[in-house]
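Reading through the structure tokens given below for one structure.
Not measured: the values here are computed from a predicted model. All ligand and atom numbering here is 1-based and tracks the order in the structure.
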Amino acid sequence: MLADAYGRVATDLRVSLTDRCNLRCSYCMPPEGLDWLPKPTLLTDDEVARLVRIGVERLGITEVRYTGGEPLLRRGLPGIVARTAELHPRPEISLTTNGIGLDRLAGPLRAAGLDRINVSLDTLRPDVFRSLSHRDRLGDVLAGLAAAAAAGLVPVKVNAVLMRGLNEGETAPLLRFCLEHGYELRFIEQMPLDAQHGWRRENMVTAEEILDALSAEFTLTPDDPQARGSAPAERFLVGGGPARVGVIGSVTRPFCGACDRVRLTADGQVRNCLFAREESNLRDPMRSGADDEELAGIWRRAVAAKLPGHGINDPGFLQPSRPMSAIGG
Ligand code: SAM
């Protein structure tokens, strides 16, 4: 088991498959992009498959989510998903993506064993999409969403980050769009994880503001709190249900006490928290011949050292040196 000193057990593994992305969302990276991780430092497909197998077979991981960067840019993704689906006990397999290229890949990924998908969509307006992501790809994202639903990756979940002065007016339109298409929308509070260190608390659109904006147009009823478990989203029934909307108040309503997540970066570092300032290297011992039990031991010690909370609201908070794109969201 991956247990920490506060009684939490990590069962949900988030694996970043690349730090590269084809968008430049301003809450994540600067318009000119970043210096990508050098190829030799990245885990190969076989190395990813081995570490995921160790997580599932020896450490109690029951859900594997592939992310990035943009995971659809990883050529070997369908093969990695297929190898994950062969593990015993078979974990739930999910993907977080910006949706670009999903029109081609949704079917093959579903066939490979992908169970669930989250697609990021922050705006329905092409001009705002361009301002926010510095790319003109809204049409590709919408096509990707439709392809995910057609491939049976349902319910398709949509992640949205609101930014003041940019897309904050789209709270209700985004929900209306998702209700019309049968997608389940979740708003995520913007976190201090951008490479430019440009996050400012006063510019963050809070969970409370999001709920106020939605309540002006929709009747929201809190979903059964028991059903939330370790999920980051507080969920609400819309108009009495069955449709739901989620709000992830990572900053103003932290849920660290129920966290069951652990992360593996594309270059093989275990992170016990999105905001961790220390990492544990699995790649180098693996490349030096460590056996599965030695790697599992490093991983257990990494999770055992997890802090009680992310500390964003502490006066001494320091942003992690890796940006979100290199951690894996
Ligand atoms: N490229 C993929 C995507 O767009 O979904 C996967 C990686 S992305 C880092 C994963 C999620 O993190 C996206 O939904 C994105 O909106 C969210 N995200 C990135 N930076 C964020 C930030 N500073 N605060 C909150 N969410 C963020």
| query | Which one of S120, A195, G328, S133 has a non-hydrogen atom at the shortest distance from atom 13 (C) of ligand 1? | reply | S120
| said: Quick test of your reading of the model: are R244 and D223 salt-bridged, counting only N-O distances below 4.0 Å? | reply: yes
| S16 and Y66: CA distance, side-chain angles, deciding distance, side chain to side chain donor-acceptor pair (under 3.5 Å) verdict | CA-CA 6 Å; S16 173; Y66 291 109; over 6 Å; no
| query | How are the rings of Y183 and H181 set relative to one another: parallel (under 30°), tilted (30 to 60°) or perpendicular (over 60°)? | reply | parallel
| Where does V119 meet ligand 1, judged by heavy-atom distances below 4.0 Å: at the side chain, the backbone, both, or neither? | neither
| field | Closest candidate by heavy atom, reference atom 1 (N) of ligand 1, pool G69, G68, C25 | value | G69
| said: So for ligand 1, is T67 a polar contact partner (N or O within less than 3.5 Å, distance only)? | reply: no
| Between N98 and ligand 1, which part of the residue brings a heavy atom under 4.0 Å of the ligand: side chain, backbone, both or neither? | both
| query | Starting from atom 12 (O) of ligand 1, which protein heavy atom do you reach first, and at what distance in Å? | reply | M324 CE, 3.5 Å
| request: Run the salt-bridge test on R287 and E47 with the 4.0 Å N-O cut-off and return the result as yes or no. | output: yes
| message | Give me the nearest non-hydrogen protein atom to atom 20 (N) of ligand 1 as residue plus atom name, then the distance to 0.1 Å. | response | Y27 CD1, 3.3 Å
| message | Could you check whether any side-chain N or O of D292 sits under 3.5 Å from a backbone N or O of I54, counting only pairs where one atom can act as donor and the other as acceptor? | response | no
| request: Using distance alone, determine whether T96 and ligand 1 share an N or O pair under 3.5 Å. | output: no
| request: Among T97, N98, N118, find the residue that satisfies the side chain to side chain donor-acceptor pair (under 3.5 Å) test when tested with N159. | output: N118
| query | When only distance counts, is M191 in polar contact with ligand 1, meaning an N/O pair under 3.5 Å? | reply | yes
| task | Answer yes or no: does an N/O atom from T97 fall short of 3.5 Å to an N/O atom of ligand 1? | result | yes
| request: Go through E63 and S94 one step at a time and tell me if the side chain to side chain donor-acceptor pair (under 3.5 Å) criterion holds. | output: CA-CA 8 Å; E63 169 159 8; S94 52; 3.1 Å; yes
